[in-house]
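Some notes on the structure that comes next.
Treat the numbers as computed from the prediction; the structure is a model and nothing was measured. Numbering of ligands and ligand atoms starts at 1, following listing order.
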Amino acid sequence: MLITRFAPSPTGRLHMGHAYSALFSESLAIKEGGKFLLRIEDIDTNRCREEYTEGIYEDLKWLGLRWDPVILIQSTRFDEYEKSINILRELGVLYPCFCSRKKIIVEQSNVGLAPHGAGLTKYSGNCRKINPEEGKNRIAEGEPHSWRLDCSKAFSITGELQWFDRLAGNVNVNPSILGDVIISRKDIGTSYHLAVTLDDAEQGVSLISRGEDLIESTHVHRLLQCLLDLPVPQWCHHRLIKNPEGKRFSKREDSLTLKEMRDSGVRAENLKSELGF
Ligand code: GLU
């Protein structure tokens, strides 16, 4: 059976971009008699808030979405994430990174790479060069660190990999597309890439549909699936809808929220037809 999902992070209220993504995933499931699941991606305990989780349910109900009653809440799964981090560490594909965010930003600006958008440009690989003994000692001394995926080492284990996107077709994995991404953050002990990969497998998602801004992440996720021996779903990265000024909807841009639209009298039916559903 086809299983799709919508996986918002409760770091703010949902906007039109989320509405499109959720409706898109649900419609794929409905068309093929499948199931539509919900997952609350709340690993970032500093930024996520319970009231936003409640807001997600409220907004999705308003839109008329119907999801399976079993909702996966990521913050209940930190132990599972840790188990997989141990497996990856044993495989030798992780290394500790002691760089601070500030140091990475300075390094990148020195080589003319301005940090952009959601995160940073590719990591320089600075801590990959630290010998394992020194790494162990620094950890034992309590130095704060994250764990990064050595993407070329990982690829030397997995060999060539592909994934299938319903819109983009067959894609070859480019292991270095995002560089050595963080698998376990200093502050929370996991990361988006790890949690999303494990949880799609846990929920039996067979078609991962989400915005095309996440297409590069899929290269990393496919690599992790292979290393962790997880089932391989299909993907569908949909277009990102834009506002009348041609800008993407985003929390960072302070886009109008669905709640604000509802409060100002917008009807769900009209919004849905404007989005093509
Ligand atoms: N939680 C992510 C977000 O809200 C989406 C993750 C995904 O669909 O893979 O942007």
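Cation-pi geometry between Arg89 and Trp147 is met: the NZ or CZ atom falls under 6.0 Å from the ring centre, inside 45° of the normal. In this structure, Arg13 forms no cation-pi arrangement with Tyr52, as its terminal cationic atom is not both closer than 6.0 Å to the ring centre and no more than 45° off the ring axis.
Taking the side chain as every heavy atom from C-beta outward, Ile71 and Leu37 never approach each other to under 4.5 Å.
Ranking protein heavy atoms by distance to atom 5 (C) of ligand 1, first place goes to Ala7 O, 3.4 Å. Among protein heavy atoms, the minimum distance from atom 6 (C) of ligand 1 is reached at Glu41 OE1, 3.3 Å. The protein non-hydrogen atom at the shortest distance from atom 9 (O) of ligand 1 is Arg210 NH1, 2.8 Å. Among protein heavy atoms, atom 3 (C) of ligand 1 sits closest to Ser9 OG, 3.8 Å.
Looking at Gln74 against ligand 1, nothing comes within 4.0 Å, counting heavy atoms.
Listed here is the closest heavy atom pair of Gly189 and Ile85: O-CD1, 3.1 Å.
Residue Asp200 is tested with Arg39, His221, Gln225 for a side-chain hydrogen bond (donor to acceptor under 3.5 Å, both in side chains); the sole match is Arg39.
Put simply, part of Arg5 is less than 4.0 Å from ligand 1, judged by heavy atoms. Residue contacts with ligand 1 include Tyr192, since one or more of its heavy atoms lies under 4.0 Å from the ligand.
The protein reaches atom 1 (N) of ligand 1 closely, with a heavy atom under 4.0 angstrom from it.
Listed by number with element, the atoms of ligand 1 under 4.0 Å from a non-hydrogen atom of Val196 are 9 (O).
Of the possible donor and acceptor atoms, one in the side chain of Lys122 sits under 3.5 Å from a partner among the backbone N and O of Ser176.
A donor-acceptor contact under 3.5 angstrom links the side chains of Arg166 and Gln234, judged on distance only.
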